[in-house]
Every structure is written in structure tokens, then in C-alpha cells.
Amino acid sequence: MKKYEPQKIEPKWQRAWEKSEIYRAQDFSKKPKKYILIEFPYPSGEGLHVGHLRSYSALDAVARKKRMEGFNVLFPIGWDAFGLPAENYAIKTGIHPKEATQKNIANFKRQLKSLSLSFDWNREINTTNPKYYKWTQWIFLKFFEKGLAYQAEIPINWCPSCKAGLANEEVVSGKCERCGTQVEKKIKKQWMLKITKYADRLIDDLEKLDYLEKIKTQQINWIGKSCGTEIDFKTENSKDTIKVFTTRTDTIFGVTAVILAPEHSLVEKLITDDNKEKVMNYIEQSKKKSDFERTEIKKEKTGVFTGSYCLNPVNNEKIPIWVGDYIVATYGGGAVMLVPAHDKRDFNFAKKYKLSVKEVIISRERFSLIKSTRTVLPQLNESFIEDGVLIDSGQFSGLTSEKARREILKYTEKQGFGRKAIHYKLRDWIFSRQHYWGEPIPLIHCEKCGAVPVPEKDLPIELPYVEKYQPTGTGESPLAKISEWVNIKCPKCKGPAKRETDTMPNWAGSSWYFMRYTDPYNDKSLADSKKLKYWLPVDWYNGGMEHTTLHLLYSRFWYKFLFDIGIAPQAEPYTRRTSHGIVLAEDGRKMSKSFGNVVNPDDIIKEYGADTLRIYEMFMGPFGQAITWSTKGVKGVYRFLEKVWKLSLECSENEKSSPKIIRAIHQLNKKIDEDLEATKFNTIIAGFMKFVNLGLEDKKEVGKDTIEKMLILLSPFAPHISEELWQKLGHKKSIFKEKWPKYDPKLVKEEKINLVIQINGKVRDKIEVEANISEKEANQLTLKREKVKKWIEGKPIKKTIFVKGRLINFVV
RNA sequence: GCCGAGGUGGUGAAAUUGGUAAACACGAUGGAUUCAAAAUCCAUUGCUCGCAAGAGCUUGUGGGUUCAACUCCCACCCCCGGCACCA
């Protein structure tokens with residue numbers, strides 16, 4: 001018998017499968033469709049990472065199984081190839097990003113093919129192909145047409161190292177997500193996408209979706225919806241009113257100051273002459289600070305009195321107006337009311353600046369105590385932030401916080417100084433980048449007509465080939481230097497005009513790529529509407545947690561917009577979203593070139609074969625969890641495949657399988673069906689190992705029929721070895737043309753079981769019995785046993801608990 | 001601080017959702033094979049006591065519910081991920 005040599009059999013089958021096109025998805029097939037999607041990779045110079053393969057191997061097994069179950073499966077792949085790394089690489093080496101990208105794609109493709117991932121390569125897409133980004137630009141024009149793409153002069157997050165503006169989502173703890181450099185503020189005219197218009201729907205529609213719970217909550221928190229009240233505080237000496245946003249209307253009688261952000265439009269007017277120098281100084285100081293410094297939580301809150309007062313509309317109390325740089329200008333109008341007694345920060349602020357503390361909410365317990373004993377409240381030494389009962393709040397005293405919030409809102413509405421207000425943490429998406437390697441934004445600036453969209457017939461606006469793609473650092477894109485490209489006639493008035501030179505962020509192309517897979521060669525529309533309707537939504541999308549508030553949120557937003565303009569067939573793109581944990585290096589750190597701890601899949605394939613790598617990726621641990629790579633673990637999987645090889649060939653002559661083996665294979669069949677849906681890939685592999693070990697215990701019991709069934713079950717996970725053994729067993733057709741077996745629920749059940757005998761809940765004995773033994777029989781059988789007698793020892797049995805097929809427990 | 005997910009052998013982990021804790025794998029120890037090594041095969045492997053039969057203990061800690069708790073309830077501790085002066 002020949003040894004298992006994956007290096008010999010794998011390339012052979014890869015060629016054969018490529019020719020037979022068994023992975024092709026059929027448009028409009030009568031079979032039910034399944035759209036299975038993995039996040040398409042960025043083709044980096046480092047090549048495929050074992051981390052990529054965790055998601056790919058698992059979802060490939062899903063796709064293969066679904067095909068065998070009779071589904072018309074779409075499992076596509078493409079390249080998310082625009083972005084900074086290619087550009088940085090180009091700057092370093094002088095190789096044009098286009099060439100570098102092409103080279104990287106070729107390498108990725110070779111690597112993916114060496115793993116036999118069952119992608120439909122006929123639908124391969126590339127975001128940097130003008131035929132593709134024509135439609136990315138087209139979608140942008142639609143956003144513009146509907147008023148959802150607009151230009152704004154705003155302070156943006158500027159990464160001085162990447163020399164680019166970043167979206168809020170790309171800033172992590174004040175640093176650039178990509179390079180870790182401290183982000184600065186820069187005022188620039190930027191293109192924005194109005195994602196905030198979709199904030200509510202992005203939250204509400206999550207309810208209907210099968211996303212991992214943590215993904216949903218992360219998105220909800222990111223959007224950060226908060227419902228409250230906006231209340232007008234009239235200033236004492238002018239007609240101006242300050243609009244304050246609060247979620248705690250119930251504390252309004254406890255307001256002892258109003259604090260404005262330094263950027264608030266009324267600040268300058270409110271400063272009185274004697275305070276001018278102090279306040280202006282303060283504002284100067286805070287302007288110098290970065291956003292991150294200003295919002296650092298540990299920092300002590302500072303502020304300064306403007307000298308002016310406003311009036312609390314509920315009781316006309318005179319309230320001092322302060323300026324504090326911890327107030328976020330862009331949220332809730334940049335003004336807050338200070339309620340020291342019921343907010344931790346406010347309490348500390350009041351103490352520091354000797355502002356009064358007015359208690360207006362107390363706990364229910366204290367409320368009833370005070371009512372009965374009429375004790376005076378002691379001075380507060382910390383804020384009481386919970387809900388409670390209102391005191392000293394005029395007509396609202398005695399109400400609970402919850403009720404008071406409703407009543408006071410009603411009252412303010414009636415009086416005309418308050419209204420319901422909803423605020424979000426989510427900001428509009430900063431959509432321009434001052435870089436070369438991205439989709440040009442298809443707009444033309446005309447002095448007379450303003451921003452004019454490029455006519456649809458002129459799309460795509462191709463990225464011009466330039467020699468110098470270095471970012472300028474002036475905040476202008478390198479494209480700005482190509483005057484023959486920039487200077488153009490206005491499409492509207494034919495006067496002189498200039499092209500927009502900013503490009504789109506790398507998140508643009510990936511925001512709709514899964515739609516293009518349904519019709520990748522269409523040049524009339526982004527995809528044929530019938531094809532979109534047939535294939536979408538994606539049935540199962542797996543990807544990394546790191547994209548939850550980036551790509552996943554962005555693409556849901558784009559899809560909703562495309563749905564609203566009648567292109568996407570429904571309001572949500574992905575029915576189900578799961579997520580895999582990252583693969584850490586053997587030393588427990590992140591795999592990184594600089595640590596020198598990166599595992600290259602090519603090396604693993606060379607030594608153990610693709611099947612081993614694929615199975616190891618699934619076996620290494622729970623799918624959703626971060627996991628450390630272990631080369632020893634890879635060896636263990638290789639041993640398992642050797643056992644599969646041995647068992648299959650040694651048993652291929654046996655006529656019949658024993659009932660024990662038949663039961664085991666049906667149990668395995670069931671386990672795969674159930675665990676695959678639950679993304680428990682690790683226990684599926686363990687199930688296979690258990691089965692093979694059982695078979696090897698007594699090879700005579702394992703018949704050819706069972707071996708064949710095992711190979712079919714194994715084929716989605718380890719395609720090469722399964723196909724090779726299948727053919728060795730005498731089959732001419734591919735194993736992937738076989739139907740997925742159905743297990744018999746009757747056969748899954750064990751006939752004999754180990755009945756556990758407990759006395760007072762402790763296991764004292766076990767006995768092998770028929771699985772369907774009755775309580776009476778069990779009672780008789782077990783009480784006879786020596787061990788049981790010993791433990792009972794004449795004590796009266798108070799109670800007997802019998803769990804059918806499991807245990808009997810005597811309470812004495 | 002808030003939100004989320006966790007804490008089980010030497011290691012990665014499993015546990016039919018309240019019913020034999022530690023499946024499967026790695027590693028380790030001993031043995032077989034070999035001139036030798038690798039590979040392979042067999043045995044042992046949660047901890048403690050014991051020559052053994054056996055007994056006791058064990059799922060972060062402390063309580064509780066139950067005939068029975070890794071699983072349910074309460075309190076606390078510790079790691080990981082996300083958000084974070086958001087009013």
C-alpha cells in the first residue's frame with residue numbers, strides 16, 4: 001500500500017477540478033441559491049496569511065457541503081486593491097502601484113488555488129479595474145444627486161505620517177488606525193457622505209438580522225443614539241438663548257451652571273469685559289490642544305466663568321454661564337447644563353470651582369424616611385446619579401425620575417422652551433483622501449456652476465498614470481499637479497473648470513463589491529437587476545470583528561441607499577454575519593514581519609499538504625476566538641489524515657460494516673450537520689478523529705460502504721485526500737458530484753447505554769443496560785448490585801430519581 | 001466608567017443546554033520496534049492520599065436554589081475586546 005503523500009495528489013486534483021468547473025455558480029438555476037461570502041482580501045506584498053485561511057477554509061467547507069446538498073452556491077472572490085500600502089510600497093520601491101498590485105494578486109491567486117478553495121473564479125473582481133470603479137463612481141454620483149454627498153469645510157482627522165485625512169472610524173484612541181501616528185486636526189474642505197441620515201435604520205433593522213450579538217451591540221454603541229430633551233436657557237442681558245441637550249430632564253431643578261464648548265457661537269458675545277482676558281486666554285489654550293488631549297478622560301475638567309448669566313426656564317433662577325473645554329462642540333449643540341448633585345463630572349467641577357450643589361433627586365428609601373421623620377438632608381459628599389424621586393422641584397416634586405422626565409418634557413413643550421431631541425455619536429463619513437491610489441471623485445469644480453457631476457457617459461474617470469505619487473503634504477492630492485488632467489471644460493457651461501483631485505477612501509470599493517459578483521462583466525449597470533434579485537441578499541457573510549464599525553457599517557449604509565433608489569432588491573445586504581478570531585503567532589503575539597513570527601501557508605503546504613492546513617485551521621480552536629498557532633498541532637492533524645488514508649485502503653475490501661460502525665457514521669453525519677451551522681468546526685474535526693480511531697480499533701468491522709460515506713462527509717473539509725481515496729475505491733466520477741448523505745435519526749441512538757447510578761447525587765456505580773430500560777427494571781437491577789448495597793447500607797430510600805437513558809439517583 | 005465576551009488539566013480545548021467534568025488533540029512518562037535516531041505502535045496521564053482495592057477533592061472566589069450545577073440565581077475577583085468627558 002502506498003503512503004499518504006499529499007504533495008503528489010494535491011496538484012493533480014487541482015488541475016482536474018479547474019478543468020471541470022465544478023465550482024461555477026449558475027445564474028437563475030432552479031436549484032435554491034446560497035450566497036456564501038468571505039471578506040475579499042487586500043492583496044498585500046506579504047502574501048496570504050494563515051489568518052485569512054481560518055475564515056476561507058471554514059466557509060469553503062460550508063460552500064462545498066451546500067453544493068452537495070443541492071444548492072446553487074455562489075462563493076466568490078476578488079481583490080480590494082486600492083489603498084495606502086500599495087502606494088507606500090510604490091513610494092519606497094518606485095514600482096507603480098498598478099504593477100505591484102498585479103504582482104501581488106498573481107501571488108495570492110496561486111496561494112488560494114494551492115488550497116483548492118472552491119471559489120467561482122469566473123466572477124473574480126478587482127476594485128482597481130476601471131470597469132469596476134466606474135460603478136463605484138456612479139454610486140457616488142447618485143449620492144451627490146440625492147444630496148447625500150456634500151462638501152464641507154470641517155476640522156478633519158489628519159494623519160501627518162500618511163499625509164491623509166481619516167474617517168472617525170479610522171482613528172483609534174487618537175491615533176491613525178493604519179500607522180499608529182497621533183492624529184492632528186486640520187481644517188479642510190472635504191467630501192462627506194450623509195450616513196447619519198441612515199442612523200436610525202442602521203440600528204432598527206439589525207433586529208431582523210442574524211448577526212452575532214456582539215456585532216449588533218458594537219454597531220448600536222458606535223451609532224450612539226440618545227434620546228433626550230433640548231431646553232432653551234434665555235440669557236439675562238440679551239435676546240440669545242442657549243440650547244442645552246439633556247437626557248436627564250428630571251434633574252432640571254438642580255441646575256447650577258450652564259457650560260459651553262469654547263467653539264460655541266455665543267461665547268464671544270457672553271464674555272463680560274472684566275472676564276475678557278481670562279476667558280480669551282482659556283479659549284486660546286484649549287485651541288492648542290488636540291482633540292484627544294481635550295477628551296482624555298483622566299484629565300481634570302477645567303472651565304472659566306464668562307461673567308454672564310442665563311435663566312433656568314422652569315423656575316427663573318439665575319444661572320452662571322461657563323466655558324469648559326471638555327464640552328464636545330460637535331455633540332448636542334456644544335452646551336450642557338451642570339447638575340452637580342446628580343452627575344459625577346458635574347459634581348467634581350462644582351467642587352473645584354465652588355459652584356453650588358442642589359440636590360433634587362433622592363432614592364426611594366431616603367424619600368420615605370425623610371417624609372416620615374422630617375429629617376434635614378445631610379450635605380452630599382458624592383453625586384447621586386441613579387433614578388429616584390424628585391424633591392424641591394416645584395410641581396414635579398414627589399414624582400419618580402422616569403415619570404418626571406415625561407412630565408417635564410410635556411411641560412417644556414407646552415411652555416415652548418423645550419422639545420424632544422435625538423442625538424447620535426455617529427458623524428457623517430469623511431469621504432475624500434488626498435492620495436493617488438484610489439478612485440477619483442467624479443466631480444468638476446466650475447467657478448460659475450459650482451460642483452458639477454461628471455456626466456454618466458464620461459465614466460469611468462480613470463486614474464491617470466503618474467510618475468510621482470508621493471502625497472504632497474500640503475493637503476492636496478498628487479493628482480492636483482497634473483494640469484492637463486485637472487483643467488477641463490465645465491460640462492454645464494463649457495467654461496474653464498477643474499477636476500476634483502481627491503480620491504475615495506479604500507472603503508469605497510468594498511462597500512458594494514458583493515453586488516458586483518452577481519454580474520461582474522456588466523457595463524450597462526452595476527449589475528443586472530434580475531441577477532441581483534436572484535442572488536441577494538448574502539446568506540452567510542463571515543469576516544473580522546475589526547470591520548464591524550467600518551466596512552460592515554459602511555456597506556449596510558450603501559446598500560440601504562441603493563435600495564432606496566431602486567437598485568438593491570432589499571434593505572439589508574447580509575442575512576447572517578459571523579466572525580472569526582484572529583490567529584496569533586506561536587509566541588502569543590500578533591503575527592508581524594517585524595517580529596519575524598509570521599507563518600507562511602506555502603511552507604505548511606509544502607511540508608504537510610493543503611488538506612492538513614485546511615483542517616488544522618478549523619481544529620485549532622473555537623472559530624470565534626483568538627487562537628495561537630501551534631506547529632505541533634498541525635502535525636497532529638497530519639497524523640489524523642494518515643489514519644484516514646490507512647483506514648480507507650485497508651477496509652476497502654470489507655463487504656459489510658458492523659452495527660456499531662454504522663451507528664458511529666450516522667452520529668458523525670448528524671454532528672457535522674449540526675455543528676457546521678453553529679460554526680463549531682473544531683468539534684466536527686474531533687468527531688472525525690473519534691470515528692477514525694474507532695474504525696482502526698477493529699478494521700474488520702468497517703465496510704466499504706461506510707468508508708465511502710466517511711469520504712463524502714470529509715470531502716468539504718479535506719477535498720484532495722477524499723477525492724483521491726474515492727477514486728482509489730473505484731469511482732470514476734468526482735466525489736463532489738455525490739449527494740450529501742442524510743443520517744437516520746433512529747440509527748443515531750445508542751442501543752446500550754451506561755446507566756449511571758448515583759447515591760445522594762454522587763456517582764457510585766455504572767451498569768450497561770438497554771437504552772430504553774424502564775424505571776422499574778432499572779430499580780431492580782441496580783439495587784441488586786454490591787456497590788449500591790454497600791452505599792445504601794440499610795438506610796431507607798427517601799426518593800428515587802430516574803432519568804431515562806441516563807441515570808438513576810437514590811436519595812437516602 | 002459603560003457595553004460585550006470569557007475564566008475548566010502541563011497546553012489548545014469539549015460537555016447533548018440542569019444529568020458520568022475533562023471528548024478530540026498536543027505535550028509528558030514508560031515500553032515495543034531500530035545498530036541508532038526519526039517515524040510508527042502499545043500503555044499511563046486532572047489533583048491528593050494509598051503497595052493495592054479504594055477514598056477524598058476539582059470547572060476564578062464566596063454564598064444560594066436543586067435529588068443533581070461548568071451550566072440557573074446573588075455578591076465579588078481577574079483577563080480579553082469595543083466605546084469613552086457624548087451631557
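Heavy atoms of A/F619 sit under 4.0 angstrom from at least one base atom.
Distance CE (A/M618) to C1' (B/G12): 17 Å, rounded to an integer number of Å. For A/K243 and B/A87, the NZ to C1' distance is 17 Å, given to the nearest whole Å. Rounded to whole Å, atom C1' of B/U20 lies 8 Å from atom CG of A/N754. We find that CD1 of A/I385 is positioned 12 Å from P of B/A87, with the value rounded to whole Å. Taking atom CD of A/E677 as the reference point, atom C1' of B/U16 lies 18 Å away to the nearest angstrom. In this structure, A/R806 places its CZ atom 7 Å from P of B/U20, rounding to the nearest Å. Between the P atom of B/G81 and the CD atom of A/Q219 lies a distance of 20 Å, rounded to the nearest Å. Nucleotide B/A25 holds its C1' atom 16 Å from the CZ atom of A/F688, rounded to whole Å.
The 5' end of RNA chain B is approached more closely, in terms of each residue's nearest nucleotide, by A/Q758 than by the other of A/N809 and A/Q758. Both A/G332 and A/V171 lie close to RNA chain B; mapped to their nearest nucleotides by heavy-atom distance, the more 5′-ward contact belongs to A/V171.
Aromatic ring pairs are classed by plane angle as parallel below 30°, tilted from 30° to 60° and perpendicular above 60°; the pair A/H423 and A/Y331 is tilted. A perpendicular orientation is assigned to the rings of A/W322 and A/F349, their planes being inclined by more than 60° (bins at 30° and 60°). In this structure, A/W645 and A/Y4 have tilted ring planes: the angle between them lies in the 30° to 60° band.
Listed nucleotides B/C57, B/A13, B/G4 differ in distance to A/P622; the shortest reach to its side chain belongs to B/A13. Of the candidates B/C41, B/U20, B/A87, B/A87 carries the atom nearest the A/V336 side chain, counting heavy atoms from C-beta on. Of all nucleotides listed (B/G4, B/U40, B/C67), B/U40 comes nearest to the side chain of A/R639. Here B/C83 is the nucleotide among B/C83, B/C67, B/U20 with the atom lying nearest to any side-chain atom of A/W222.
In B/G6 the O4'-C1'-N dihedral to the base is more than 90° from 0, which defines an anti nucleotide. Classification of B/U58 as anti follows from a glycosidic angle more than 90° from 0.
Scanning for side chain to side chain donor-acceptor pair (under 3.5 Å) contacts around A/D765 gives A/R785, with sequence neighbours left out.
Nucleotides B/U71 and B/G81 place their P atoms 26 Å apart, quoted to the nearest Å. On the P atoms, B/A13 is 29 Å away from B/C2, given to the nearest whole Å. Rounded to a whole angstrom, the distance from the C1' atom of B/C26 to that of B/G6 is 23 Å.
Side-chain contact between A/M620 and A/Y616: present, with at least one pair of heavy atoms (C-beta onward) separated by less than 4.5 Å.
When base pairs are accepted only as Watson-Crick or G-U wobble with both N-N or N-O distances under 3.5 Å, RNA chain B takes part in stems of 3 or more pairs at B:1-4 with B:80-83, B:10-12 with B:24-26, B:27-32 with B:40-45, B:46-49 with B:54-57, B:60-64 with B:72-76.
Checked against a 6.0 Å centroid threshold, the rings of A/F619 and A/F681 do not count as neighbours.
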